[in-house]
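Within every chain, numbering begins at 1; the chains are lettered A, B, ... in the order of the sequence lines, protein sequences first and strands thereafter.
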2 protein chains.
Amino acid sequence: MRSLGQRVELLKVIAHPVRIRILEELMKGVKCVSDFEEFLEISQPNVSQHLSLLRRFGVIDFYVDGRLKCYFLVDPIIPDIMEILKKDYVKGLPAPACCPVTKKGVYPGERKR
Amino acid sequence: MRSLGQRVELLKVIAHPVRIRILEELMKGVKCVSDFEEFLEISQPNVSQHLSLLRRFGVIDFYVDGRLKCYFLVDPIIPDIMEILKKDYVKGLPAPACCPVTKKGVYPGERKR
DNA sequence: TTTATATATTCAAATATACTAATATTTGCA
DNA sequence: TGCAAATATTAGTATATTTGAATATATAAA
């Protein structure tokens, strides 16, 4: 089981628009640095920085192919998180058990002292 | 479906050790500020700051009970994410389809140019 | 109506993160 | 061997986040 610190680090690594797009792209298959440079509109050094951050935290890895570095997903938690993240919380649907809901002015008096 | 920006914001809000512990505690039930003050070892203002951040992003909400504010989970994505985060990636198990693995020195030559 | 309790807000300092620009490294090929 | 392509690294600056300290607000109780 991941420690609290590991969970925080993992979330922080994913919590960036460029890195999310990188990870989503890697879910489709192996990609090299210049592939990302194309469809993300950021500089090559910046792509490298994000990739090496993701690698440092064990989320992705690469193999060398000629002068290309081919990156791929390593941690299988990524597709799981990405899928859940897309689920929207639709207001108006019945709230799940974990979520008591206040109805204008009428409060659950669950905790008295 | 959540936009890229919304997904990033959500992850950033969760990605903090204190806030993860707050959310895990709220998964067990409704809690007021002083409850958190006890088991987290941080100041009351800091607890409030984290709670109001979580609330600002629609993750939690509260109802008033006397002079207490009782916080509860609102976004049902939280328990889902928390559960996934605990799954560890155990090296040595067969890698999932999304994850080509390099064996020392022998590289998959998938992408030639 | 004063006081104590519970919580929130504000501001400033410390720290962490992100980006750009410049430069370095590595490898394939002429 | 020397050049060009692909990628990485470093340093500096800008920006965001976190926290503590002080203060403010709201409400129940005396």
Separation of [N] [atom2] from [X] [atom1] (nearest whole Å):
| X | N | atom1 | atom2 | result |
| --- | --- | --- | --- | --- |
| Arg19(B) | dT18(D) | CZ | P | 5 Å |
| Leu68(B) | dA4(C) | CG | C1' | 14 Å |
| His50(A) | dT9(D) | NE2 | P | 15 Å |
| Phe36(A) | dA6(D) | CZ | P | 16 Å |
| Asn46(B) | dT10(C) | CG | C1' | 14 Å |
| Ile22(B) | dT7(C) | CD1 | P | 13 Å |
| Arg56(B) | dA8(C) | CZ | P | 12 Å |
| Phe62(A) | dT27(C) | CZ | P | 11 Å |

Query raised in the report: Hey, which of these two, Ala15(A) or Glu37(B), hits DNA chain C nearer its 5' end, going by closest nucleotide?
Result: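 Mapping each residue to its closest nucleotide by heavy atoms, the 5'-most match is Glu37(B).
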Report summary line: Of His16(A) and Pro45(B), the one whose closest nucleotide on DNA chain C sits nearer the 5' end is Pro45(B)
**Report entry** Along DNA chain D (nearest heavy atom to each residue), the more 5'-positioned of Gln44(B) and Leu53(B)
**Finding:**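 First, find each residue's nearest nucleotide; the 5'-ward one identifies Leu53(B).
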[X] bridged to [Y] by N-O distance under 4.0 Å:
| X | Y | answer |
| --- | --- | --- |
| Glu25(A) | Lys28(A) | yes |
| Lys31(A) | Glu37(A) | no |
| Asp75(A) | Lys87(B) | no |

Report task. Would you state whether a donor and an acceptor, one from the side chain of Gln49(A) and one from the base of dT10(D), lie under 3.5 Å apart? Result -> yes
Query raised in the report: Would one find more than 12 heavy atoms of other residues, nucleotides or ligands at under 6.0 Å from atom CD of Glu83(B)?
Result: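 At most 12 heavy atoms, drawn from other residues, nucleotides or ligands, come within 6.0 Å of this atom.
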Report task. Could you work out which one of dT7(C), dG28(C), dA16(C) sits closest to the side chain of Lys12(A)? Result -> dA16(C)
Query raised in the report: Looking at the side chain of Cys32(B), which of dT9(D), dG28(C), dT7(C) is the nearest nucleotide?
Result: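 Output: dT7(C).
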Query raised in the report: Taking atom CD1 of Ile14(A) and atom CG of Leu54(A), what is their separation to the nearest 0.5 Å?
Result: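 Reported to 0.5 Å precision, the distance equals 8.5 Å.
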Report task. Look at Ser34(A) and dA5(D) and indicate whether a side-chain polar atom (N or O) is within less than 4.0 Å of OP1 or OP2. Result ->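 Negative; the distance criterion is not met.
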Query raised in the report: OP1, OP2 of dA8(C) versus side-chain N and O of Lys69(B): anything below 4.0 Å?
Result: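 Affirmative; the distance criterion is met.
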Query raised in the report: How is Tyr71(A) classified with respect to the nucleic acid when contacts are heavy atoms under 4.0 Å: base, sugar-phosphate, or nothing?
Result: sugar-phosphate
